Each structure stands twice: as structure tokens, then as C-alpha cells.
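Everything numeric in this text was worked out from a predicted model, so none of it was measured. Note: hydrogens, waters and symmetry copies are ignored here, and every other heavy atom, side chains too, is used.
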Amino acid sequence: MDLQLPTPTEFPAFPYSPPYDIQISLMRHLYQSIEDKKVTIIESPTGTGKTLSLLCSALTWLSDERERAKKGKLKEVVRDDGVKAKYWVIEQTLDKMRREMEADEQEYEAKLLKARKREEAMRRASKGRVNKRPRVAQTSSQEKDDDDVQFLPETDQEPDEGTIHISPALQALMAKVDKAMRTESGRPTDTEEEITCTKIYYASRTHSQLSQVLPEMSKLKLPTKIKVVNRHSAYSLPHKRGIDLDEEGKCDSGSTRAVSLGSRKQLCINDDLRAKALELDEACRERLGEKDGMRCQYLPPVGEEEKILDFRDQILASPKDIEDLAEAGRLANTCPYFASRRAIPQAELVTLPYNLLLQKSAREALGIDLKNQVVLIDEAHNLIPTLLSLSTTRLPYATLLTSFQQVCVYVSKFKTRLSPTNMIHLKKLVLILDSLQKYVGEWMIARSKEKEKTEIMTAAQLMQRLGRRVAGINLLEIEAYLKQSKIARKIAGYSDRVEETQKHPATERQSRRGAIPPLHAVEEFLLSLTNTSADGRITFTLIDLPGRECTVEMKYQLLNPSPHFQEVVEEARSVVLAGGTMSPISDVVNQLFSYLPSEKITTFSCGHIIPEANLQTLVISKGPTGGELEFKADKQSDPDTIMRLGQVLLNFASIIPAGMIVFFPSYKFLNTAKAQWEKSKTVEKFTTKKEVFFEPEESAQVEKVLQEYATAVRTPAEEKKRGALLFAVIGAKLSEGLNFADDLARGVVIVGLPFANLASPELRERMKYVKLLEDQRGPISREKGQKDAAAELYENMCMNAVNQSIGRAIRHRNDWASLLLLDRRYTTSSIRNKLPKWIGSRVVLTETFGRAVKEMGIFYKGKRV
């Protein structure tokens with residue numbers, strides 16, 4: 001289509017007038033990047049209205065794209081095909097087509113309006129009665145268990161009596177005939193029912209981050225999709241079947257069609273299943289195929305989907321976050337997990353967590369097709385670690401042994417009932433498991449006598465060590481068989497039944513359902529071995545626990561995050577990575593998009609909306625006595641270094657009003673400093689200045705500490721105490737995603753640099769890998785002082801963590817704070833250049849501690865109210 005959309009100079013949908021200049025710039029940049037089908041990386045500090053700006057720009061483009069599609073359809077009608085028509089004939093044809101398209105839209109929006117009214121009626125009715133859970137017909141589990149057919153592979157299941165096998169080609173032909181017949185008879189076709197549209201996939205890391213998206217979207221002033229029509233007008237649209245217009249003849253869609261996708265854990269409304277299942281995903285899958293009344297009561301019977309389609313319309317009729325979706329599902333007695341999946345084709349905005357977008361298997365399970373769609377990933381500073389984490393698989397030795405035993409028992413039991421094809425695949429699987437468990441057992445004995453308890457190898461090296469017979473097996477073929485036959489669940493089900501029959505009474509047998517089959521872990525590990533050998537490593541680690549027999553954990557670690565994300569980039573129309581702190585942006589480009597030509601990538605980094613006088617950034621390289629401040633790993637247990645740090649922080653606590661947050665590079669360093677300060681009474685000195693809090697290592701305690709810290713900050717200052725002091729850890733629970741606005745953080749202190757442990761075998765392998773890639777690209781001309789790829793990766797990982805901690809302070813336009821970087825290494829240009837751009841231009845290097853104290857005094861004096 002050759003209709004190019006011009007980049008708007010204004011965005012009327014933006015709810016606040018006028019937008020800040022940086023918001024207009026961001027929206028224009030994003031709009032143009034989507035239109036030009038580019039990958040873009042956007043850095044916009046928290047407090048600049050990033051989410052609102054991203055939504056406004058993306059949905060404005062979507063609205064314009066919808067209009068462009070209509071014009072394209074109209075253009076197709078009048079395309080010169082050799083037949084010359086009179087002008088009035090063309091106009092009449094176009095006018096008729098416009099009215100038909102608008103009538104179709106009006107009919108669909110009226111359908112959603114009915115769904116909204118139906119939902120509201122259910123809410124009113126629910127307030128006046130007690131909702132009872134649907135009754136479930138119970139069938140004797142003994143009767144079910146007596147039939148061994150259920151444990152046969154899917155490919156060996158006997159068809160029901162009277163079932164006729166139809167080839168895929170014949171099925172496709174029959175579908176075409178059926179569609180044609182329904183079209184001629186005037187009945188709706190599948191295409192009409194399952195309409196699809198261009199959409200925005202909006203992904204973020206956590207559910208709490210995604211919960212902020214829909215409220216922001218509701219603020220936008222997006223144009224209505226349907227024009228106001230007066231039913232008494234001579235130019236009214238035809239009143240098609242099922243349309244209910246209001247008194248003025250309007251049919252307003254109200255808002256963008258949106259759906260929130262979540263996991264079963266978040267959306268399951270079957271309380272019995274949630275209470276009893278060992279693993280909810282697996283238990284849910286078991287209940288999908290149950291017969292004789294054991295199918296989940298919140299799913300309609302197969303072939304009777306009207307109920308779930310009605311609920312799908314309710315989802316699309318009014319945007320719902322995860323909590324709203326679960327509540328609506330309870331009212332409708334319909335599964336929100338599966339209904340939300342059915343809403344994807346017709347949705348214009350789909351919000352979902354990272355893992356559902358980034359994993360190909362998850363996208364396929366949900367029916368997500370990214371072809372020509374817009375992918376917007378917020379909080380994208382987490383993207384690379386997430387990609388690497390999602391591709392990491394672990395296989396404990398005990399799980400491997402259990403799988404091997406279960407497969408052997410299963411093959412022995414069913415060998416006379418399995419088809420030759422199944423037996424061939426299962427024998428290959430037995431050979432792989434047998435060779436692997438023998439090799440691991442021998443490795444464990446040999447390694448137990450050595451000092452080094454870890455070994456790293458490639459997938460190819462492991463396959464060679466398992467012997468020639470295993471090396472010749474096609475793992476992709478085995479993986480395809482495991483998926484198609486669902487044999488892992490069959491084998492686990494049969495093994496559980498045998499074990500339960502021997503050890504557990506019948507009344508306890510249902511409580512064991514829902515456990516993940518051990519063979520699934522093996523399946524994931526084998527699939528990892530099919531990746532490009534150079535992109536991953538396998539780590540064998542000997543685990544020797546006191547009082548227990550030593551064991552081995554096998555782990556596959558992906559070294560290159562790019563290939564898995566490349567599928568998303570190649571399918572989507574445009575990919576947007578956005579975050580409050582994306583610096584250093586060059587690191588993101590190098591790790592994820594090195595294969596793309598430079599003209600396909602754009603970047604945008606804006607300043608902060610706060611006045612320049614509201615932010616102070618000081619690099620402090622010397623202590624009160626003139627000694628250099630440097631907190632490298634080998635100095636973090638030095639008593640003199642810790643005492644010097646205590647003196648610095650005591651001085652700061654006397655100057656910084658209200659809340660002061662101090663970030664340490666690690667829990668180990670924080671705990672060492674805390675122990676020494678308690679011994680030397682330094683902690684008592686801190687308490688004379690501010691109330692003191694430490695970040696807990698247990699997640700359950702975080703909320704309590706935060707509440708107590710906030711209360712202490714907001715308590716009217718005594719004559720000596722001035723607020724609260726919170727000690728935290730970079731990259732831990734308090735360094736990301738939390739909002740320390742206003743008095744909660746008038747000063748943020750970063751102690752040292754959180755470089756990762758170079759002794760980690762996994763980190764060393766990743767650094768070796770990026771260095772190898774750099775060498776393969778040929779000679780590189782570096783600027784003076786520029787490091788190689790491995791050193792750059794190591795430094796970038798550190799600065800990514802620092803930048804996230806820094807961003808905790810400034811949260812809105814009128815906020816103000818001082819950022820204090822304690823370590824002489826911050827004076828080097830390579831480190832400072834990796835700070836966020838909205839900070840980098842304001843950094844002041846203080847030659848002495850006295851200069852730093854003076855600068856702080858001037859800054860805070862100017863902020864007194």
C-alpha cells in the first residue's frame with residue numbers, strides 16, 4: 001500500500017494540554033519509527049509521562065492505520081482494470097462501500113455495547129445473591145485408572161467406534177466447501193466471526209507494571225470509531241440485525257479494544273484446582289481433556305463455545321486488567337484464561353508479560369501472530385537478562401534418574417501395544433537417557449576427587465562424550481515426537497498410578513495430580529542441545545550438601561540473546577524498546593541488533609522534565625581525611641575502608657533532609673559494614689541523625705520495612721533527627737520498580753561499582769563468547785582508552801545496575817534530589833559516559849570532600865521551603 005502516513009505535529013489524544021516538548025518529540029519519534037517499520041530504542045526518565053506518551057503515539061498511529069486501510073479498500077474498487085466507468089458511477093460505488101463498512105463497524109460496536117450491558121447486569125445481580133460454584137459430576141477415579149488406554153501415546157490412541165479418518169487435504173477441501181455454502185446462505189462465516197486487526201502488543205516484566213497501562217490508556221482522548229448517526233436522517237446507515245442504538249442513534253465504542261494476558265496462576269478461578277494442584281499449569285492441562293464430567297466446570301463442553309465467546313465480547317467491550325478479568329470470570333462462571341486468548345484476534349491493544357511474548361512456544365500456545373504487528377516492550381532494560389534467563393534450562397541428576405526409570409517401566413509394560421514408530425522413538429529416548437545418566441554418574445565420581453567442582457562444555461562436546469550411537473540421533477526428531485505424542489505426561493501418569501496403587505490409599509490419589517512430569521525437564525534440556533553449539537554452554541556442577549549424598553546439576557546457559565529475539569524482530573512491523581534508563585544504548589544494539597543494518601535502527605533519549613536546578617549529581621572521590629574512596633571487592637572487608645565510609649555517610653546524614661537511601665554493591669558488603677559499624681557504635685551515631693533501616697534479604701519483609709521507612713520520613717522532624725536512612729543493595733529488591741518520590745529520597749548515595757564476580761564460570765564463558773564474536777568480525781579500530789567487547793560487556797552490566805538505582809529518586813516534574821557517587825572510578829570518562837544522558841551533562845567532579853559538602857549545602861539551602 002503506497003499511502004504514506006505523515007508524522008503528526010500535534011497529538012490531540014494526549015489528555016494534558018499542552019504536552020511537554022520532550023513528550024511531543026517522543027511521540028513524533030515513535031510514530032515515525034512505526035510507520036517506517038524500524039526498530040527503535042527509547043530512553044525517557046520516569047516522571048516524564050513515558051507510558052502515556054508511548055500509548056498516545058502508538059494508538060494514534062493505529063487509528064490512522066485503520067483509516068489508511070479503509071482508503072486502500074476503496075482504492076482497490078476504482079483501480080483501473082481496463083473498464084471505463086462514468087464519474088458518477090464510481091462515486092456511487094464508493095459511497096455505497098463506505099456506508100457498508102461503517103454499518104459493519106457499527107454492528108460490531110453494538111455487539112460490544114450489548115456485552116457491556118450484559119456484564120453490568122451480572123454485576124448488579126451478583127450483589128443481591130450468593131454465587132454458588134457449579135457442581136461437578138464426579139466419576140470414580142478407579143474406573144478411569146482401570147483403563148490403560150489413556151496412557152498410550154496420542155499417536156497410538158484407538159479411535160472411537162464409527163470415527164472416520166480424513167486426510168488433511170480432504171479436511172481443507174471440506175472447510176472451503178462449508179465456508180462457501182454458509183456464505184451463499186447468508187450465515188456468518190468464520191472470517192466474519194473471527195475478525196482480525198492490526199494491534200499493539202505491549203509487554204513489560206511484571207504484572208504490577210502492566211496494571212498501570214490500562215488506566216493510562218483510559219485518559220487518552222482517542223477519536224470514536226463510529227460516526228454519530230441520526231436514525232431519522234435521510235442518510236442514516238441501514239439498521240442491520242441485532243443493533244440497538246440509543247435515543248440519539250449513537251453507537252459509541254467507548255474505548256480501544258484491549259485484552260490483558262496473564263498466566264493460569266493469575267487467572268484460574270477454579271479454587272479446588274488451585275488448592276489441590278501441585279503445579280497449576282499441569283493440573284489445568286489434565287482437566288482440559290477429561291471425560292465423564294471431569295472437565296473443568298468453567299470451560300464449556302467441546303463444540304459448545306457460545307458461552308466463552310460471549311465472555312470474550314465482554315472482555316473486549318471494556319478494558320480489564322488481570323484482577324478485573326478474574327473477577328469478571330467468576331461472575332460469568334467462565335474461564336478468563338481461555339476467554340482472554342480468544343479475544344486476541346479482535347483486540348487492538350494486547351498487554352502481556354515478557355515471557356509470553358519472548359518464548360515461541362508461549363506465542364504458539366496463545367495463538368499470537370506477530371506478522372506486521374507493533375511490539376512495544378516497556379522496562380526494556382530487563383530484556384537481555386530476561387532473554388538469557390528464559391533460555392536457561394536445569395536438569396538435576398535425580399530428575400534424570402527418575403525419568404530413565406519411568407521410561408523403562410513404561411516401555412516394558414506397553415511394548416506389545418505400542419506401534420513400531422513409537423517403539424523406535426522410545427528406544428532412542430531410552431538410549432539417550434541411559435547414556436546421559438551413566439556419563440553423569442562417572443563424572444560425579446571423578447570430579448568428587450578434584451578441587452574444581454564445575455565443568456563447562458558445548459552441546460557438541462557433550463553429545464560426543466555420550467558415544468557414537470547417541471551422537472547419531474536427531475534430537476529435533478525426538479523433540480517433535482515428544483510434543484506430538486505427549487508421551488511425557490502419559491509416562492508420568494502411568495508411573496504415578498503404579499506408585500499410588502502401591503503406597504497411597506485411593507482417597508489420597510487426587511491430591512498428587514498436577515505435578516510436572518520429570519520427563520518434561522529432560523525434554524527442555526534436550527531441546528536446548530539443539531541450539532547452535534557456539535551460542536550456548538552446558539555446565540556440570542557437583543553439589544555436596546552436608547549430611548546428604550552429593551549430586552550433580554546440569555544447566556544449559558544461552559550466551560547470545562539475539563537469535564531468540566530475532567524471530568520477534570523479523571515478524572513484527574516495528575519493535576520498540578522503551579525504558580526510563582536504557583543507557584548505555586550501544587550495548588543494547590550490540591547484543592540484540594548487530595545483524596541489522598544501521599538504517600533499520602533508531603534511538604531516542606530525552607532529558608528530564610525537571611528544572612536543571614532540581615538535580616545535583618556529585619562524584620566524590622576523597623573522604624574527610626583526604627584518603628581516596630575506592631570500594632573494589634578486595635577492599636570491601638577492610639576495616640579502615642569501612643570506617644572511612646561510615647564517616648562520609650555520617651556527614652551526609654547531617655546535611656540531607658528527610659529520606660536518604662544508600663545503595664551498596666552487594667549484600668555481602670552491606671552486611672560486613674553493618675557488623676563493623678555496630679561493633680564500633682557507628683550505627684548508634686547514625687540513629688542520632690536519622691532513623692535507620694536495612695533492606696531485608698527475605699522478600700516477605702520488604703513491604704514492612706518500606707512502610708516503616710516511609711512513616712519515619714514523614715514524621716515531623718525532632719530537634720536532632722531529620723528523617724530516615726535506608727541501606728539497600730544495587731540490583732536487589734529496592735533498586736528497581738519502586739517509587740521513592742519527594743521526601744522519600746532527597747539524597748541517593750551509590751557506594752562503589754557493582755561489578756559481577758569474575759570467578760563465575762558462566763560469566764567468564766559469556767565474556768569469552770563476545771570476545772570471540774568480535775574477533776570473527778575482523779580487525780577493529782578502537783579509540784584511545786576503548787576496551788574490547790568482553791570488557792565493555794562487563795562494564796555495561798555494572799552500569800545498567802547503577803543506572804536503575806539512580807532512577808529511584810526523581811519521579812515527577814517538581815521532584816528534586818542529590819545523587820552522590822562515591823568512588824574515584826566514577827571520575828573516568830568511560831564510566832561517566834554510561835550514565836543516563838539526563839544525568840551525564842550535570843555531573844560535578846569534586847576534588848575534595850570539603851568541596852562536596854559545600855556543594856550539597858548550597859543545593860539543599862536553595863530547596864528549603
Test side chain to side chain contact (heavy atoms under 4.5 Å, CB included) applied to Lys307 and Asn333, step by step
CA-CA 9 Å; Lys307 191 174 181 181; Asn333 282 325; 4.0 Å; yes
[X] side-chain N/O to [Y] backbone N/O, donor-acceptor pair under 3.5 Å:
| X | Y | result |
| --- | --- | --- |
| Thr386 | Asn382 | yes |
| Thr530 | Leu527 | yes |
| Glu452 | Thr454 | yes |
| Ser760 | Ala756 | no |
| Glu524 | Ala521 | no |
| Arg295 | Pro300 | yes |

Quick one, Lys320 with Glu327, criterion salt bridge (charged side-chain N to carboxylate O under 4.0 Å, His left out). Give me CA distance, side-chain angles, the key distance, then yes/no.
CA-CA 10 Å; Lys320 298 172 176 63; Glu327 180 187 353; over 6 Å; no
Do the side chains of [Y] and [X] get nearer than 4.5 Å, heavy atoms only?
| X | Y | answer |
| --- | --- | --- |
| Leu519 | Leu429 | yes |
| Val407 | Leu433 | yes |
| Thr206 | Gln209 | yes |
| Val522 | Leu395 | yes |
| Tyr201 | Ile377 | no |
| Gln373 | Glu571 | no |
| Val409 | Ile491 | no |
| Ile543 | Tyr397 | no |

Quick check for you: to the nearest 0.5 Å, what is the distance between [X] atom [atom1] and [Y] atom [atom2]?
| X | Y | atom1 | atom2 | value |
| --- | --- | --- | --- | --- |
| Ile308 | Ser340 | CD1 | OG | 9.0 Å |
| Lys265 | Tyr337 | NZ | OH | 14.5 Å |
| Leu383 | Phe565 | CG | CZ | 5.0 Å |
| Arg764 | Ile456 | CZ | CD1 | 6.5 Å |
| Leu370 | Lys360 | CG | NZ | 11.0 Å |
| Ser435 | Ile473 | OG | CD1 | 7.5 Å |

SB check [X] [Y] (cutoff 4.0 Å):
| X | Y | result |
| --- | --- | --- |
| Glu523 | Lys483 | no |
| Glu455 | Arg465 | yes |
| Glu762 | Arg537 | no |
| Arg330 | Asp271 | yes |

Which pair of heavy atoms, one from [X] and one from [Y], lies closest together, and at what distance?
| X | Y | result |
| --- | --- | --- |
| Val470 | Met463 | O-CE, 3.6 Å |
| Thr399 | Pro518 | CG2-O, 3.6 Å |
| Leu325 | Phe311 | O-CZ, 4.1 Å |
| Leu210 | Pro353 | CD1-N, 3.5 Å |
| Asn474 | Leu476 | OD1-N, 2.9 Å |
| Ser495 | Gln406 | OG-CG, 3.3 Å |

Checking Asn560 against Tyr769 for the side chain to side chain donor-acceptor pair (under 3.5 Å) test, could you report, in this order, the C-alpha distance in whole Å, the side-chain angles of both residues, the deciding distance, and whether it holds?
CA-CA 8 Å; Asn560 183 5; Tyr769 174 79; 3.1 Å; yes
Are a donor atom and an acceptor atom from the side chains of Gln484 and His425 found within less than 3.5 Å of each other?
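No.
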Is a donor from one side chain sitting under 3.5 angstrom from an acceptor on the other, for Asn422 and Ser419?
yes
Check whether more than 12 heavy atoms from other residues, nucleotides or ligands sit under 6.0 Å from atom [atom1] of [X], and answer yes or no.
| X | atom1 | answer |
| --- | --- | --- |
| Lys453 | NZ | yes |
| Glu549 | CD | no |
| Arg469 | CZ | no |

Checking ring pair (Phe, Tyr, Trp, His ring centres under 6.0 Å) for the pair Phe338/Tyr298: CA distance, chi angles, key distance, verdict?
CA-CA 10 Å; Phe338 285 101; Tyr298 296 103; over 10 Å; no
Going by the angle between their ring planes, with limits at 30° and 60°, are Tyr410 and Tyr494 parallel, tilted or perpendicular?
perpendicular
Test side chain to side chain contact (heavy atoms under 4.5 Å, CB included) applied to Ile538 and Gln557, step by step
CA-CA 6 Å; Ile538 297 163; Gln557 174 196 7; over 6 Å; no
Could you walk me through whether Val552 and Trp443 satisfy the side chain to side chain contact (heavy atoms under 4.5 Å, CB included) test, starting with their C-alpha distance in whole Å, then the side-chain angles of each, then the deciding distance to 0.1 Å, before giving a yes or no?
CA-CA 9 Å; Val552 176; Trp443 183 93; 3.9 Å; yes
Among pairs that include at least one residue of residues 393-406, which meet salt bridge (Lys or Arg N to Asp or Glu O under 4.0 Å), considering only residues two or more places apart or in two chains?
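Qualifying pairs: Arg394-Glu553.
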Decide side chain to side chain contact (heavy atoms under 4.5 Å, CB included) for Gln359 and Glu364; before the verdict, give the C-alpha distance in whole Å, the side-chain angles of both, and the deciding distance to 0.1 Å.
CA-CA 9 Å; Gln359 291 180 300; Glu364 290 175 347; over 6 Å; no
